[in-house]
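The next block holds one structure in the form of structure tokens; read it before the comments.
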Number of protein chains: 2
Amino acid sequence: MTSELIPAEFRGNLGFLVAKAKQLLSDELDVALRDSGLQIRHFAVLSLIRRRAGLRQTDLCEVLGVDRTTMVKVVDDLEGAGLLRREPHAADRRAHALQLTEAGEQWHSRTLVPVMDHEQQFLAPLSPGERALLQEMLTRLVDSALVRSADQKLARHP
Amino acid sequence: MTSELIPAEFRGNLGFLVAKAKQLLSDELDVALRDSGLQIRHFAVLSLIRRRAGLRQTDLCEVLGVDRTTMVKVVDDLEGAGLLRREPHAADRRAHALQLTEAGEQWHSRTLVPVMDHEQQFLAPLSPGERALLQEMLTRLVDSALVRSADQKLARHP
DNA sequence: TATTGTTATACTCTATAACTATA
DNA sequence: TATAGTTATAGAGTATAACAATA
């Protein structure tokens with residue numbers, strides 16, 4: 001395997017490869033969403049609420065790794081587009097229980113198709129077995145790094 | 001392999017896994033650089049110039065995927081820290097030939113140690129064979145996506 | 001006291017436009 | 001005409017601080 005597009009200095013460099021992979025995959029997914037005016041982030045939020053209706057905004061922050069002040073804007077965007085609703089939370093009157101609207105449900109399933117297509121295009125150089133292996137290895141790496149990250153936070157606030 | 005930290009909705013999601021891997025690896029590498037006040041980007045620039053002395057700023061832009069106005073600041077930072085010099089370019093008087101200083105050479109080789117350590121820590125969950133396989137698969141994916149990206153640019157400017 | 005959501009605000013990052021000096 | 005580097009500037013994205021309501 002000899003790449004002519006990746007500089008020789010960075011061919012064996014995991015950081016460079018992961019960062020580039022992220023950038024290029026994001027670019028391709030942006031294409032799939034370009035008509036909607038929304039971003040991957042909005043799609044991810046709808047994906048989560050679709051499966052777990054009633055989540056709070058802070059629940060989403062934890063998963064997506066953004067501040068709650070940032071999440072306000074994301075939820076504003078989605079509510080403004082009519083794709084979700086902030087409803088009163090049954091157990092906590094401070095919080096909002098987020099719910100997909102019918103339009104949100106439709107937009108999500110409609111958008112899932114081009115998103116999956118672009119992901120498949122990105123993965124085209126790998127065989128089905130390799131794709132499964134890549135996914136499994138990335139899961140292991142991310143899981144392990146999340147554990148380390150959580151440990152460090154606990155160490156700072158004992 | 002069952003992860004408790006990755007939400008079920010995103011476990012099979014390549015985009016999520018790649019983005020998280022990038023974020024977590026970046027965070028760990030930032031720790032390795034925290035004392036210097038510099039970023040991975042600065043380290044990457046020095047890595048390139050070290051191997052290919054005399055590169056222009058625009059050469060770096062292409063590899064790192066940033067605009068030339070952004071690169072000015074990065075080179076300013078490195079020059080301000082005394083790690084590289086802008087020298088006159090022998091073949092083009094508009095351009096700068098970038099050269100590492102002695103301090104730049106030393107900082108790079110000194111910083112390489114913690115950077116590699118943190119990368120190894122990140123890769124710890126994988127066996128040596130798996131690491132090689134991951135690197136090879138990511139190289140294939142990035143290479144293929146770079147070709148598509150270049151094709152699309154050519155199609156827009158025929 | 002701590003937490004949820006919100007606003008206002010400041011900071012960072014980035015690219016576009018316009019300039020100069022070259023090619 | 002086009003390109004290398006620079007500056008000024010505007011836009012996006014993000015987090016910190018402070019607040020009200022509630023736990």
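Letters A, B, ... mirror the listed sequences (proteins, then strands); counts begin at 1. Please read all numbers here as calculations on a predicted model, not as lab measurements.
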Just how far is it from atom CZ of B:R41 to atom CG of B:L78, taken to the nearest 0.5 Å?
11.0 Å
Measure the CD1-CZ distance between B:I6 and B:R11 for me, rounded to the nearest 0.5 Å.
7.5 Å
Passes side-chain contact (heavy atoms from CB on, under 4.5 Å), A:E119 versus B:N13? Steps please.
CA-CA 9 Å; A:E119 186 169 310; B:N13 187 311; 4.2 Å; yes
Describe the nucleic acid contact of B:H89 in one word from base, sugar-phosphate, nothing, applying a heavy-atom distance below 4.0 Å.
nothing
I'd like to know if B:R50 pairs up with A:E9 as an ion pair, taking the criterion as any Lys NZ or Arg NE/NH1/NH2 lying under 4.0 Å from an Asp or Glu carboxylate oxygen.
no
Do the ring planes of A:F43 and A:W107 sit parallel (below 30°), tilted (30 to 60°) or perpendicular (above 60°)?
perpendicular
Each nucleotide N or O in nucleotides 13-20 of chain C that has a protein N or O under 3.5 Å away: list the pair and distance.
unit_1 : atom_1 : unit_2 : atom_2 : d
C:dC13 : OP1    : B:Q39  : NE2    : 3.1
C:dT14 : OP1    : B:R41  : NH2    : 3.1
C:dT14 : OP2    : B:R41  : NH1    : 2.7
C:dA15 : OP2    : B:D67  : N      : 3.0
C:dA15 : OP2    : B:T70  : OG1    : 2.7
C:dA15 : N7     : B:T69  : OG1    : 3.2
C:dT16 : O4     : B:T69  : OG1    : 3.4

Detail all sub-3.5 Å separations between protein N/O atoms and N/O atoms belonging to nucleotides 1-3 of chain C.
unit_1 : atom_1 : unit_2 : atom_2 : d
C:dT3  : O4'    : A:R94  : NH1    : 3.3
C:dT3  : O2     : A:R94  : NH1    : 2.4

Checking side-chain polar atoms at under 3.5 Å, does A:R140 have a donor or acceptor matched by the opposite partner on A:S144?
no
Comparing A:D92 and B:M71 on DNA chain D - which has the more 5′ nearest nucleotide
B:M71
Are B:K20 and A:D143 within salt-bridge range, i.e. N to O under 4.0 Å?
no
Would you kindly give the CG-to-P distance between A:L60 and C:dT6, to the nearest whole Å?
12 Å
Side-chain heavy atoms under 4.5 angstrom apart, residues restricted to Ile, Leu, Val, Met, Phe, Trp, Tyr: same cluster for A:L141 and B:V31?
no
Earliest and latest nucleotide of DNA chain D, 5' to 3', sitting under 4.0 Å from a non-hydrogen atom of chain A?
D:dG13 to D:dA23
Are any of the side-chain nitrogens in A:D59 or A:R52 under 4.0 Å away from the carboxylate oxygens of its partner?
no
Inspect the contact between A:D77 and A:K73 and indicate whether a charged nitrogen and a carboxylate oxygen are less than 4.0 angstrom apart.
yes
